[in-house]
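To start, the structure itself, in structure tokens.
Keep in mind the model is a prediction, meaning the values are calculated, not measured.
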Amino acid sequence: MFSGIDEVDWASMEHAYGPADDVPELLRGLASDDPAEREAALDGMYGAVHHQGDVYACTLACIPFLFELAVDPGVQDRGSVVELLTSIGGFDLDEDDEAEIDEDEIEGAANYAMAAAAVTAGAGVFFELIADEDAGVRLAAPLALATLHRHPVRVLALLRERLPVEPEEEVRLALVEAAGRVALRHRPLAGRVAEWLGRLASRAHSPGLRLAALAQLARCAPDGLPGDVVPVVSGLLREMRSLPEQSAPAEDEPAPGREPDAESRCPDAAEPADPEAVDVEPVETEPVAAAETCRGEQVATPTLVGQLRSLSAQENAGRGAPWAADLLRTLHVGLDDRVGDRTALLADQLRSPDRRQRIDAVRMSGGLIRAWRGPYEELVALVGDQLADPEPRLAEAASHVLEELFGLAAPAADALAARLADRPEDWVRSWASGPPGLGSIVKALARLGDARAVPALAAALELPQVAHDVGFAVGHLGTAAEPLAGALRRRLAEVALDEGAYDRASPLLAGLTGLRAGEATPEVLRVLRGAPEYRGEWLRTAALRALGSFGPAAREAVPELRELIRRPGTASATEAAEALWAISGDAEAVLPALIEGLQSHQVHDRRAAAVALGALGPRAAVVAPRLRGLLAHEELWLRVDAAIALWEVSGRSRETLEALLADWDRSRHVRVRVAECVARMGPVPEGSAAAHVLRSELASVRRHNAMDGGYGSHDIHEDEKLLALCRRALRGTGKGSTA
């Protein structure tokens with residue numbers, strides 16, 4: 001093994017962390033008899049040689065040696081090697097990707113293409129590995145074939161032939177998943193795969209296999225799902241719960257089918273004359289020990305791979321079917337915008353007697369609500385019910401989901417309040433590094449504007465270090481949080497104006513801003529005057545916003561603000577002018593500073609000036625030509641802010657609406673800001689372009705800011721705000737002229 005490995009000039013190559021001269025040691029580590037050494041080597045391969053999916057020259061040089069490891073029966077954990085090869089060679093670069101490649105990316109794109117070609121060229125070995133004695137290899141081989149082999153018809157035929165004789169339930173599910181992958185990658189075969197999956201789902205197979213078939217059917221041919229998919233899946237989940245843990249397929253399944261013949265396993269075999277004639281009959285097998293039996297010996301190591309496997313093992317401990325959650329997630333992804341079906345299925349899961357299934361359902365509920373709009377009252381109430389469960393992971397998962405829902409969490413308000421009263425130790429969370437933060441229950445209740453969160457916030461304000469997010473929670477509570485004003489003032493007065501001032505003062509300033517607590521003007525002025533050099537600009541911004549929110553109650557700050565606006569063109573001058581206008585209403589004093597800010601070289605400062613000018617309304621009409629000139633600016637957000645300010649100072653909506661609607665189509669990120677303006681303009685004429693845009697938004701089931709592979713903590717709140725603004729604009733409840 002590894003013939004020629006020392007002849008490769010590894011030192012001339014690099015990986016993610018420098019010279020690749022350590023790669024031979026990593027490859028030899030994959031063949032070690034020591035499980036910890038193998039784990040460390042695998043971690044090194046993913047962490048450096050194939051870092052975040054990247055392909056380097058050294059990655060390409062590894063491919064022949066990885067194939068040697070994959071086919072050597074003396075090597076342990078070969079399934080992990082097969083998975084690594086699949087990842088290295090499975091990158092698809094479509095025509096759109098190729099069109100977007102710039103000069104700096106050409107080498108990387110070429111490496112991806114060469115890796116795909118090299119691994120695909122050797123993919124025939126996976127035909128043999130699909131019947132390997134090592135269950136871990138058999139688990140990884142189907143997806144490798146479906147992803148990498150050039151002849152999908154032969155792959156599909158082998159998957160179907162192998163299923164009846166495969167003894168491990170988890171591997172059987174991998175065979176079904178691989179068929180779904182074939183259908184997705186080779187759309188002409190989707191109908192053929194869908195027909196087979198439909199038969200698997202409807203026959204007397206094990207409930208896990210039937211669920212896997214439904215999940216893949218949802219992915220590749222959702223129209224082929226049965227009309228009663230929710231009760232069918234719910235029934236399968238009940239069957240799975242009733243089976244003994246770590247059980248095999250149902251005992252009443254028919255006799256095994258035939259073993260795949262040599263031709264179907266051989267990479268050079270001819271295609272079957274009629275692949276459709278090859279079907280699967282259920283098979284009675286020996287009991288499956290546990291999913292981990294397919295993965296080989298597991299060890300605890302300090303590597304990233306080891307930690308991830310350890311977490312997975314903890315999560316799946318005691319589960320008879322640890323793969324069920326993955327199947328359900330796949331099913332939900334396939335159901336896509338069928339929100340009613342997905343909600344009904346999750347509601348059934350949340351009523352399950354199986355706590356682990358409820359944990360999965362809580363997490364999937366969060367994913368559904370983040371991405372799709374719908375009536376979620378029942379689902380949210382059921383998530384709230386989990387807060388009373390003694391299983392800490394279940395309650396914690398529920399609290400994290402409810403924290404993101406803001407107003408949508410209302411059906412769970414009483415459950416949140418009960419949990420808050422029972423668990424004062426969870427009101428504030430401390431971390432190994434960084435400031436403490438409010439617990440999820442406190443934030444969820446505060447974001448509902450529920451006064452029952454106030455005692456927890458009061459307690460947080462008495463801690464030696466105030467939670468970094470306490471001010472934002474106060475802002476959501478509004479007048480209900482007025483009893484906290486005294487504590488916020490006192491703590492702000494105690495803040496030492498040193499290099500840590502911003503971290504300590506900003507949560508308190510945010511809280512006072514939310515309360516519009518003008519009585520705190522002396523404490524805020526102390527911070528404004530004494531802001532240190534380190535993060536001083538940020539601290540002054542927070543203080544000026546607080547003073548502006550106080551309005552006329554902050555009159556004693558006027559001399560300080562007049563002094564600040566004497567330095568026009570700076571961020572502080574613009575912010576001071578905005579605060580001075582809110583406090584004194586003296587347009588003549590602030591207008592020159594804001595006009596100067598509109599000419600700043602910094603886009604952020606120009607935006608701030610435009611917003612502040614808009615707040616002056618018709619008193620700033622003189623700047624309309626300048627604002628109009630910004631409607632064609634290359635910076636999206638500056639165009640939007642200038643257009644809104646133009647309407648506010650001129651009262652003419654036509655040119656503003658045209659600009660705003662154009663940017664609405666260009667970027668989903670500006671839609672809330674645009675809708676706020678349109679709603680304030682007044683009634684939107686029926687049949688107008690604006691009405692069409694707003695109604696199209698309301699008709700969409702997908703949230704406007706939903707992302708694949710990520711999300712923000714305020715995404716749901718922002719999307720619900722957008723919907724409310726669209727409705728308000730169409731009802732004509734805003735103020736202003738549409739002339």
Scan for side chain to side chain donor-acceptor pair (under 3.5 Å) pairs involving [range], sequence neighbours excluded, and state none if there are none.
range	result
residues 636-646	Arg607-Asp641, Arg639-Asp663, Asp641-Arg673
residues 608-617	none
residues 538-558	Thr541-Glu575
residues 619-635	Arg628-Glu655

>> Taking the basic N atoms (NZ, or NE/NH1/NH2) and the acidic carboxylate oxygens, is any pair closer than 4.0 Å for Asp337 and Arg342?
In response: no
>> Check this for me, if you would: do Arg703 and Glu720 make a salt bridge, where the nitrogen-to-carboxylate-oxygen distance has to be below 4.0 angstrom?
In response: yes
Mind checking side-chain contact (heavy atoms from CB on, under 4.5 Å) for [X] and listing every partner two or more places apart, or none if nothing turns up?
X	result
Ala410	Leu448
Ala417	Leu445, Arg452
Ala344	Val230
Val229	Leu225, Pro226, Val233, Arg338, Asp341

> Counting only heavy atoms not in Arg535, do more than 12 sit closer than 6.0 Å to its CZ atom?
Replying inline: yes
>> Please determine whether the number of non-hydrogen atoms from other residues, nucleotides or ligands lying under 6.0 Å from atom CD of Glu537 exceeds 12.
In response: no
>> Can you confirm whether Pro532 sits close enough to Leu539 that some side-chain heavy atom of one is under 4.5 Å from a side-chain heavy atom of the other?
In response: yes
Without placing hydrogens or testing angles, list every side-chain donor-acceptor pair under 3.5 Å for residues 470-488, not counting sequence neighbours.
none

> For Asp708, what residues pass the salt bridge (Lys or Arg N to Asp or Glu O under 4.0 Å) criterion, not counting sequence neighbours?
Replying inline: Arg702
> Arg447: what forms a salt bridge (Lys or Arg N to Asp or Glu O under 4.0 Å) with it, not counting sequence neighbours?
Replying inline: none
> Going by the salt bridge (charged side-chain N to carboxylate O under 4.0 Å, His left out) test, which pairs reach into residues 368-377, not counting sequence neighbours?
Replying inline: Arg370-Glu404, Arg373-Glu697, Arg373-Asp719
